[in-house]
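Below, all heavy atoms of this structure are taken into account, side chains as well, without hydrogens, waters or symmetry copies. Every chain is numbered from 1, with letters handed out A, B, ... down the list of sequences. On a predicted model such as this, the values are computed, not experimentally measured, just so you know.
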Amino acid sequence: MAFWLMKSEADVFSWDDLVARGPAGEAWDGVRNYQARNNMKAMQVGERAFFYHSRGKAPAVVGICEVIAPAHPDPTTEDPRWECVDVRALAPLPRPVTLSEIKADPRLAQMVLVNNSRLSVQPVTDAEWAAILDMAGAPAA
DNA sequence: GCCAACGTTGGC
DNA sequence: GCCAACGTTGGC
């Protein structure tokens, strides 16, 4: 099982918006970046991803979501190059983990989030996943 | 709101 | 195939 991280601007589509979708979840559409798309194509149903709020005054990982549908054509474009997965909210983190905390933790120095801040869908290693859960005060997965 | 970093586009 | 110009992202 691989782990992932998906970014969204909090004032465009927030964690609360995903929670409001309930078990039906939401298509993660609108991605127009090949690397991010390739990551979505690699996702398996049941895998988990951190939900990250970008661009707010305190960018942070705020929740955990689950992939509920594999990659399929992006409904927001006619262009067949673009695909998206569907995700649903699983659980909020007991405490958000901010980008500044992530940058300050040596366990997370190699995170894609730290080194390629523009990639909107990115892989997370098992060790990074565990470290962030730890920082959030969440039980290990 | 600003600006640096990055990805994409398009002329040659 | 190269590279300059442009648009977008996202931290601050």
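- Pairs engaging residues 106-121 of chain A under the side-chain hydrogen bond (donor to acceptor under 3.5 Å, both in side chains) rule: A:D105-A:R107, A:R107-A:D134 [sequence neighbours left out].
- If you chain together ILVMFWY residues whose side-chain heavy atoms come under 4.5 Å of each other, A:V12 ends up in a group of its own.
- Here salt bridge (Lys or Arg N to Asp or Glu O under 4.0 Å) pairs that include residues 24-36 of chain A, with residues two or more places apart or in two chains, are A:R21-A:E26, A:R32-A:D74.
- Taking a 4.0 Å limit (strictly below) on heavy-atom distances, residues 106-116 of chain A does not reach DNA chain C anywhere.
- The side-chain hydrogen bond (donor to acceptor under 3.5 Å, both in side chains) test applied to A:D17 returns A:S14, not counting sequence neighbours.
- Closest heavy-atom contact between A:E101 and A:T98: OE1-N, 2.8 Å.
- Listed by chain and number, the residues in a ring-ring contact (aromatic ring centres under 6.0 Å, His included) with A:Y52 amount to none (sequence neighbours excluded).
- Residues A:R81 and A:R55 both approach DNA chain B. Their nearest nucleotides, taken by heavy-atom distance, put A:R55 toward the 5′ side.
- Interface limits on DNA chain C: the 5'-most and 3'-most nucleotides within less than 4.0 Å of chain A heavy atoms are C:dG7 to C:dC12.
- Residues passing the salt bridge (charged side-chain N to carboxylate O under 4.0 Å, His left out) test with A:D11: none are found, sequence neighbours excluded.
- For A:R55, there are no side-chain hydrogen bond (donor to acceptor under 3.5 Å, both in side chains) partners two or more places apart in sequence or in a different chain.
- Annotation: ring pair (Phe, Tyr, Trp, His ring centres under 6.0 Å) contacts involving residues 68-92 of chain A, sequence neighbours excluded, comprise A:Y34-A:W82.
- By the side-chain hydrogen bond (donor to acceptor under 3.5 Å, both in side chains) test, A:E47 pairs with A:W4, sequence neighbours left out.
- Contacts of A:K57 with the nucleic acid, taken as non-hydrogen atoms under 4.0 Å apart, are absent.
- In the helix from B:dG1-C:dC12 to B:dC12-C:dG1, the rotation axis of the first five pairs and that of the last five pairs differ in direction by 10°, rounded to 10 degrees.
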